[in-house]
Amino acid sequence: MKIASWNVNSLNVRMPHLAQWLAAAQPDVVALQETKLEDTRFPDGDIAALGYRSVFCGQKTYNGVALLSRVPAEDCVIAIPGFEDEQKRVIAATIDGVRVVNLYVVNGKAVGDVKYEYKLRWLAAVRDWLAAQIAQYPELVVLGDFNIAPDDRDVHDPAAWHEKILCSTPERDALRAITDLGLHDSFRLHSEEGGQFSWWDYRMAGFRRNLGLRIDLVLVSDALRARCVASGIDREPRTWERPSDHAPVWVRLAR
DNA sequence: ATGGTGGTGCGACCA
């Protein structure tokens, strides 16, 4: 079972990229972020023609998440229970016996900004919810655009990014509070290497110069850890014409 | 120190 995550930065624009990548990568489950589409405009028919069911929760211009899967998604939830939030950033469902939680974590803009405070409150609410989810669903995958680089190996220039947004200690502590629930960064189960990024700024030829961060993560629960046989970052779609600024990341679970 | 690039949608705002 191959499970992937991709921030597409507008599904409307990236539909051809998604189609090409699905055909090549053959994932069983894909979590999308930044679809930027209201539910009435979601291209579930086009995605069905590619062999995938869709569940989705979006808004126009900003945010929006979806789960695509070969088999139907069950018990779908489209928000953090009990957390007041107008922004469409969460969708969860059970797919082929695995609980999959797709997160588009708040960016935060800058350390100390009002959006940064919202990011930390949002992450605390997610942690509390995931604590309950992992008890209910031991076979849990939490994936998405975390907008946090877990440590300095995940940052092209740690000195320049020191205590900056996406890298600050409170953000990393909030991520640790989530992984401390018994969730493992699947990429780090198979590689200790630095310089492996999933996002590159469009500006300053960021991708060409590999000025990136690893902020897109696939976390697997203790119960799934032994089944996690491979993981990776697929840089290729970032080389295509008019790409998303994020690359797909993925994990393969043995049966 | 500034601004550089994209998406949405036509002026900012978000990343």
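Just so it is clear: chains get the letters A, B, ... in the order the sequence lines come, proteins before strands, and each one is counted from 1.
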Would you tell me whether A/Tyr116 and A/Ser168 have side-chain atoms, one donor and one acceptor, within less than 3.5 Å of each other?
yes
For DNA chain B, what dot-bracket results from Watson-Crick or G-U pairs at under 3.5 Å, with [ ] for crossers and | for inter-strand partners?
....((((...))))
Using the C1' atom as the reference point in each nucleotide, state the distance between B/dG3 and B/dA15 in Å, no decimals.
16 Å
Closest heavy-atom pair and its distance - A/Ile165, A/Val111:
N-CG2, 3.7 Å
Is the closest side-chain donor-acceptor distance between A/Glu34 and A/Asn63 under 3.5 Å?
no
Side-chain donor/acceptor of A/Tyr202 to backbone N/O of A/Pro243, under 3.5 Å:
yes
Under a 4.0 Å threshold between the charged nitrogen and the carboxylate oxygen, would A/Asp185 count as salt-bridged to A/Arg214?
yes
Along nucleotides 6-15 of chain B, 5' to 3', which nucleotides get a B, which get an S, and which get a -, given that the test is a protein heavy-atom distance under 4.0 Å?
SSSS---BSS
Atom P, compared across B/dG9 and B/dC14: separation rounded to whole Å:
15 Å
Polar side chain donor-acceptor pair, A/Trp199 to A/Asp216, under 3.5 angstrom:
no
Approximate separation, where rounding is to 0.5 Å, of A/Arg99 CZ and A/Leu140 CG
8.5 Å
When you compare B/dC10 with B/dG6, how far apart are their C1' atoms, in angstrom units rounded to a whole number?
16 Å
Ring centre gap for A/Trp21 and A/Trp6 strictly below 6.0 Å
yes
